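Have a look at the structure below before the remarks.
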Amino acid sequence: QVQLVESGGGLVQAGGSLTLSCAASGRTFSNEMMAWFRQAPGKERGFVAGIRWSGNSTYYTGSVKGRFTISRDNAKNTVYLQMNSLKPEDTAVYYCAAAPYSSSFYSQNSYDYWGQGTQVTVSS
């Protein structure tokens, strides 16, 4: 089992920045992929960014490219999402997810473990 705990959400003005953290515990060595998803009110949960524990491959949805950066600290079993130039449309609950096997980053079905979510609110 893998436990994921997100932190770092909050209220920020448009144009501001936030950094989310996802601390993993348990069988963390079995994680192949880590990702951030988000769900805005009335919308489905969607992929934001992903990273592999090994190598430097990163993946982003188009609307956040150039503004968000996903990174990891293997020693701390932690994944980060640096969010810059935030927009009101980035407002959502952000979830961290872990997958034990290599598969599609973009599909929620690839991920076995999920955090409880952290709220990000961007005011205009």
Side-chain angles (χ1 to χ4, degrees):
Q1 289 293 324
V2 174
Q3 295 77 42
L4 304 173
V5 179
E6 303 101 333
S7 61
L11 174 64
V12 64
Q13 288 188 334
S17 298
L18 280 175
T19 299
L20 304 183
S21 300
C22 173
S25 61
R27 294 175 60 87
T28 56
F29 61 87
S30 65
N31 294 334
E32 172 63 21
M33 308 190 304
M34 298 289 293
W36 290 95
F37 285 73
R38 66 185 179 185
Q39 186 170 22
K43 295 187 177 181
E44 294 186 355
R45 188 161 58 184
F47 174 81
V48 176
I51 190 168
R52 298 191 182 279
W53 275 118
S54 59
N56 295 317
S57 299
T58 56
Y59 305 83
Y60 299 94
T61 192
S63 62
V64 309
K65 282 182 180 178
R67 299 189 298 123
F68 290 11
T69 302
I70 189 171
S71 62
R72 69 183 191 278
D73 185 330
N74 289 13
K76 296 182 178 180
N77 289 324
T78 300
V79 175
Y80 304 96
L81 185 67
Q82 173 68 43
M83 305 185 294
N84 299 326
S85 302
L86 282 162
K87 305 175 181 179
E89 50 263 43
D90 294 317
T91 295
V93 177
Y94 284 70
Y95 297 91
C96 178
Y101 305 108
S102 179
S103 185
S104 169
F105 267 103
Y106 307 96
S107 172
Q108 296 185 61
N109 294 333
S110 298
Y111 300 89
D112 288 356
Y113 307 105
W114 293 84
Q116 80 288 352
T118 185
Q119 177 70 47
V120 172
T121 303
V122 184
S123 63
S124 57

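Only heavy atoms go into these numbers, but all of them, side chains included; no hydrogens, no water, no symmetry mates. Everything numeric here is computed off the predicted structure, so don't read it as measured data.
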> Any chain of hydrophobic side-chain contacts (each under 4.5 Å) joining M34 to F37?
Replying inline: no

Can you give me every donor-acceptor pair (side chain of residues 117-124, partner residue at least two apart or in another chain, under 3.5 Å) with its distance?
| unit_1 | atom_1 | unit_2 | atom_2 | d |
| --- | --- | --- | --- | --- |
| T118 | OG1 | G9 | N | 3.2 |
| Q119 | NE2 | A92 | O | 3.4 |
| Q119 | NE2 | T121 | OG1 | 3.3 |

> Are Y113 and Y111 connected in a single hydrophobic cluster, I mean Ile/Leu/Val/Met/Phe/Trp/Tyr linked by side-chain heavy atoms less than 4.5 Å apart?
Replying inline: no

> Roughly how far, to the nearest 0.5 Å, is CD of E44 from CD of Q39?
Replying inline: 8.0 Å

>> Using 0.5 Å steps for rounding, measure from the CD atom of E89 to the OG atom of S63.
In response: 8.5 Å

>> Quick check: closest heavy atoms across Q82 and S17, and the distance to 0.1 Å?
In response: NE2-CB, 4.0 Å

> Should F105 and V79 be regarded as members of a common hydrophobic cluster, given that ILVMFWY residues are connected when their side-chain heavy atoms come within less than 4.5 Å of each other, either directly or indirectly?
Replying inline: no

> To the nearest 0.5 Å, what is the distance between CG (L81) and OG1 (T19)?
Replying inline: 8.0 Å

> Out of curiosity, T58 OG1 to R52 CZ, how far, rounded to the nearest 0.5 Å?
Replying inline: 11.0 Å

> Nearest heavy-atom pair of S104 and S110: which atoms, and what distance?
Replying inline: O-OG, 2.6 Å

>> Please enumerate all residues that pass side chain to side chain contact (heavy atoms under 4.5 Å, CB included) together with S85, with sequence neighbours excluded.
In response: R67

> Can any side-chain N or O of E6 pair as donor or acceptor with the backbone N or O of Q116 at less than 3.5 Å?
Replying inline: yes

> Considering all heavy atoms of both residues, which atom of Y60 and which atom of A49 are nearest to each other, and what is their separation?
Replying inline: CD2-CB, 3.6 Å

>> Working to the nearest 0.5 angstrom, can you tell me the gap between T69 OG1 and Y80 OH?
In response: 14.0 Å

> Of the non-hydrogen atoms in D112 and P100, which two are nearest, and what is the gap between them?
Replying inline: OD2-CG, 3.2 Å

> Do Y95 and F47 share a hydrophobic cluster, counting only Ile, Leu, Val, Met, Phe, Trp and Tyr and linking them when any side-chain heavy atoms are less than 4.5 Å apart?
Replying inline: yes

> V12 and L20: same hydrophobic cluster, using ILVMFWY side-chain contacts below 4.5 Å?
Replying inline: yes

>> Over 60° means perpendicular and under 30° means parallel, so tell me whether Y94 and F68 are parallel, tilted or perpendicular.
In response: tilted

> Closest approach of T91 and A40, non-hydrogen atoms and distance?
Replying inline: O-CB, 3.6 Å

>> Please give me the minimum heavy-atom distance between S21 and T78, naming the atom from each residue.
In response: CB-CG2, 4.3 Å

> Between W114 and R45, does a side-chain contact (heavy atoms from CB on, under 4.5 Å) hold up when you go through it step by step?
Replying inline: CA-CA 12 Å; W114 293 84; R45 188 161 58 184; 3.7 Å; yes

> Is a side-chain N or O of E32 found less than 3.5 angstrom from the main chain of S102, in a donor-acceptor match?
Replying inline: no

>> Any heavy-atom pair between the side chains of C96 and W36 that's under 4.5 Å?
In response: yes

> Stepwise, does the side-chain contact (heavy atoms from CB on, under 4.5 Å) test hold for V64 with M83?
Replying inline: CA-CA 8 Å; V64 309; M83 305 185 294; over 6 Å; no

